[in-house]
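Let me begin by presenting the structure, written as structure tokens, before commenting on it.
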Amino acid sequence: MVPGYTEETVLEVHHWTDKLFTLKTTRSPSFRFANGQFCMMGLVVAGKPLVRAYSLASANHEETLEFFSIKVPNGPLTSRLQHIAVGETILVGKRATGTLTIGNLRPGRTLWLLATGTGLAPFLSVVKDPETYERFERVVITHTCRRVQDLAYGRYLEHELAADELLGEIVRPKLRYYPSVTREAFKTEGRITALLESGRIFADLALPALDPAHDRLMLCGSSEMLADTAALLESRGFEEGNSGEPGDYLVEKAFAGEKRAPLASASPAESRNLSGPA
Ligand code: A2P
């Protein structure tokens, strides 16, 4: 046993591509988190914990935990984690934390969840939370990746969640999924920043342009995307929130590398690209 961690058993492994995979594990009944938060997760290597920050892709009402990860070829953790098999164990930190929770946002009409790559993970949790739909009239989840095949969870967000027996009824009228791709032909091409700036996303969704009076946003993705999108929002009068001071938009700072301490041993690619805040 490693202090501060529980051991969880892998229940499912799904490889989306040669670079992306999802793990489902058991969940200790004592593990509590708010939807949108992250925890440390990893393996025991040479007798020591080798862990990274991972967003919980499962919602807090679910009995299992889910993590969405990239595979970094020489990444100390993910080069091992990608080979994990059903029945093996992983370490999950006992404490979850993070700023991407709806409680950190001022009331508003439309919630925009803007993700690139594995930054989608915390929003999978947020869109499964019934409270999200009580707080907002509309929820838009965007996912931008380099290639079409990187749009993991696309079928889930487009069809399966809306067909869910319990959540479908509240999700269907409110949730919109808006994928885009930057390095291949696709129905929607371009970075989220460009789609917001050109106004194309508003035309496609038949929604008004961003307005700090009504729109609330959460950002999770590469540090460059976070910086550029935050600058765009600030220039339009949006104020950033954090734990304790609700705002118009939220950024997962751990993802941007400000809390690198627990990630010190990560290769730059691994620490930049892991699920959500890693
Ligand atoms: P692009 O292909 O134009 O770089 P990555 O795989 O590097 O983490 O990137 C994931 C997605 O985020 C890619 O589609 C990438 O677009 C996009 N992206 C990278 N930098 C930015 C940025 N500064 N603003 C918006 N999107 C970005």
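Order of listing sets the numbers, starting from 1, for every ligand and every atom in it.
Distance alone, capped at 3.5 Å, places no donor-acceptor pair between the S28 side chain and the S30 backbone. With hydrogens and angles disregarded, no donor-acceptor distance shorter than 3.5 Å links the side chain of T118 to the backbone of I70.
Of the heavy atoms in E224, both backbone and side-chain atoms come closer than 4.0 Å to ligand 1. Contacts between A227 and ligand 1 below 4.0 angstrom, taking non-hydrogen atoms only, are absent altogether.
When the heavy-atom distances from atom 16 (O) of ligand 1 to T116, T182, I70 are ranked, the shortest goes to T182. Among E184, R191, R183, the residue whose heavy atom sits closest to atom 2 (O) of ligand 1 is R183.
Of the listed residues (F123, F136, F202, Y249), just one forms a ring-ring contact (aromatic ring centres under 6.0 Å, His included) with W112, and that residue is F202.
Counting the atoms of ligand 1 from 1 in the order shown, those under 4.0 Å from a heavy atom of D228 are 22 (C), 23 (N), 24 (N). Those atoms of ligand 1 with a heavy atom of T144 less than 4.0 angstrom away are 11 (C), 14 (O).
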Practice task
Report the C-alpha separation of Q37 and T101 in whole Å, then their side-chain angles, then the decisive distance to 0.1 Å, and conclude whether the side-chain hydrogen bond (donor to acceptor under 3.5 Å, both in side chains) test is met.
Solution key: CA-CA 7 Å; Q37 287 188 320; T101 58; 5.9 Å; no
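Between I192 and ligand 1, no N or O atom pair is found at a separation short of 3.5 Å.
Counting only residues at least two apart or on different chains, no ring-ring contact (aromatic ring centres under 6.0 Å, His included) pair has a member in residues 226-246. Within the structure, the ring-ring contact (aromatic ring centres under 6.0 Å, His included) test picks out the following pairs touching residues 142-193 (sequence neighbours left out): W16-Y153, F68-Y153.
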